[in-house]
Amino acid sequence: MPELPEVETVVRSIAPHIRNRKIERAEFSSHRVTRGGFARTANALAGRTIQDVRRHGKQIWIALDHGFLYVHLGMTGKLLWNAEPTKYTRAVLVLENGTLVYDDVRQFGRVEYFKKVPESLGRVGPDAMQLDFEDFYSRLQRRAGLIKPLLLNQNFLGGVGNIYADELLFAARVHPRTPAARLSKERARKVHRELLEVLRLAIEHRGSSISDYVDGAGNRGAFQQMHNVYGKEGQPCPRCGTPIRRIVLGQRGTHYCPRCQRV
DNA sequence: TCAAATGTTTGATC
DNA sequence: GGATCAAACATTTG
């Protein structure tokens with residue numbers, strides 16, 4: 001569920017509650033989510049003060065006075081402020097002023113403590129909102145492969161997931177199967193412009209709640225109401241009326257208008 | 001019962 | 001070595 005706009009919304013909704021607050025204790029219950037070990041992680045966190053909460057791509061880095069707490073929401077992770085634990089609660093941070101709860105049905109997410117950012121996680125590409133056009137274009141030209149799978153590759157660009165890849169390619173009128181390096185500079189510029197615009201608009205609407213995404217306060221987003229192609233197979237294209245087509249590309253459901261978006 | 005789901009990692013194969 | 005693709009992860013939902 002959570003791509004850049006959803007992760008950004010979560011960060012904005014919890015940061016004011018937890019910044020500059022002390023962690024009294026922490027509890028963990030999923031070895032899949034917390035791979036560093038429960039006791040080691042809890043011991044490292046107890047007594048620490050949260051200094052900042054940052055997002056890079058889909059990663060959340062909670063900076064402590066010593067070390068970092070890394071959170072990735074995976075497919076079904078939720079960070080909730082002062083929520084009641086459920087059967088899917090995998091981690092709980094008890095702060096001096098309240099409780100931060102991590103719920104995750106499928107356990108594809110992570111909640112782990114690191115003294116410093118590990119090389120494997122630091123390798124993620126530049127944040128999608130931070131990359132200027134010239135960098136974006138030069139990176140595009142150096143890549144083989146098709147534009148949509150490339151946009152989803154977090155080592156190429158951090159933050160874009162399946163929903164926003166489909167929506168931004170529709171906005172840019174680019175077919176998802178277009179070879180990335182073959183995009184003209186003008187079409188690449190359009191992709192870059194719509195990338196920023198779609199993400200900005202989605203953040204403004206607090207993300208897309210397709211199934212169960214909610215922010216730190218438990219509120220759903222509203223951007224799903226503005227989707228043009230994602231999940232719209234068979235429905236008329238808002239621009240030309242042609243039925244939206246769904247194909248599988250790079251193992252992901254891919255939605256596009258066969259008339260507006262050409263290779 | 002089968003297919004699909006917003007993400008990432010791993011291993012196999014070009 | 002690099003890139004690409006499929007499978008795997010765990011669970012719910014339609």
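Letters A, B, ... mirror the listed sequences (proteins, then strands); counts begin at 1.
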Undergrad: With the threshold set at 4.0 Å, does a side-chain nitrogen-carboxylate oxygen contact exist between A:R48 and A:D65?
TA: yes

Undergrad: What is the separation between atom CG on A:D166 and atom P on B:dA4, rounded to the nearest whole Å?
TA: 15 Å

Undergrad: Please determine, for C:dT13, whether a Watson-Crick or G-U wobble partner exists with both distances under 3.5 Å, and give it or none.
TA: B:dA3

Undergrad: Whole Å only: how far is the CZ atom of A:R139 from the P atom of C:dG2?
TA: 15 Å

Undergrad: With rounding to the closest Å, how many angstrom separate the P atoms on C:dA10 and B:dG11?
TA: 16 Å

Undergrad: Nearest-Å distance, CZ (A:R252) to P (B:dG7)?
TA: 5 Å

Undergrad: Just checking A:R246: base, sugar-phosphate only, or nothing, at a heavy-atom cut-off of under 4.0 Å?
TA: sugar-phosphate

Undergrad: In whole Å, I'd like the distance from the CD atom of A:Q59 to the C1' atom of B:dG7.
TA: 12 Å

Undergrad: Could you work out the separation of C:dT12 and B:dT9 based on their C1' atoms and round it to a whole Å?
TA: 22 Å

Undergrad: Check every atom of C:dT12, C:dT4, B:dG7 against the side chain of A:A144 and return the nucleotide holding the closest atom.
TA: C:dT4

Undergrad: For A:L150 and A:R90, take the nucleotide of DNA chain C holding the closest heavy atom to each; which residue's nucleotide lies nearer the 5' end?
TA: A:L150

Undergrad: Grab the two heavy atoms, one from A:F28 and one from A:A91, that are nearest each other, plus how far apart they are.
TA: CD2-CB, 3.6 Å

Undergrad: From the list C:dT12, C:dA6, C:dA10, which nucleotide is the closest neighbour of the side chain of A:Q251?
TA: C:dA6

Undergrad: Would you say the base of B:dT8 stacks on A:F108 (centre-to-centre below 5.5 Å, plane angle below 30°)?
TA: no

Undergrad: Which of the following nucleotides, C:dT12, B:dA5, C:dA10, is nearest to the side chain of A:M75?
TA: B:dA5

Undergrad: Determine the contact category for A:R32: base if any of its heavy atoms lies under 4.0 Å from a base atom, sugar-phosphate if only primed atoms, P, OP1 or OP2 are that close, otherwise nothing.
TA: sugar-phosphate

Undergrad: Quickly work out the A:E233 CD to C:dG14 P distance and round it to whole Å.
TA: 17 Å

Undergrad: May I ask you to evaluate whether A:H72 reaches the phosphate of B:dT8, defined as a side-chain N or O under 4.0 Å from OP1 or OP2?
TA: yes

Undergrad: What is the distance from CZ of A:R142 to P of C:dT4, rounded to the nearest Å?
TA: 14 Å

Undergrad: Answer with yes or no whether the side chains of A:D135 and A:Y137 bring together a donor and an acceptor at under 3.5 Å.
TA: no

Undergrad: To the side chain of A:Q107, which of C:dA10, C:dT12, B:dA5 is closest?
TA: C:dA10

Undergrad: Could you check which nucleotide pairs with B:dT13 in any of the strands shown, counting Watson-Crick or G-U wobble with both distances under 3.5 Å?
TA: C:dA3

Undergrad: Round to the nearest Å and state the distance from A:L121 atom CG to B:dG7 atom P.
TA: 17 Å

Undergrad: Would you mind reading off the distance between A:K58 atom NZ and B:dT9 atom P, rounded to a whole angstrom?
TA: 10 Å

Undergrad: Is it true that A:E194 and A:K190 make a salt bridge, defined as a side-chain N closer than 4.0 Å to a carboxylate O?
TA: yes

Undergrad: Determine, stepwise, if the pair A:I203 / A:L4 fulfils side-chain contact (heavy atoms from CB on, under 4.5 Å).
TA: CA-CA 8 Å; A:I203 292 170; A:L4 188 151; 3.9 Å; yes

Undergrad: Look at A:R200 together with A:E204 and state whether they make a salt bridge at an N to O cut-off of under 4.0 Å.
TA: yes

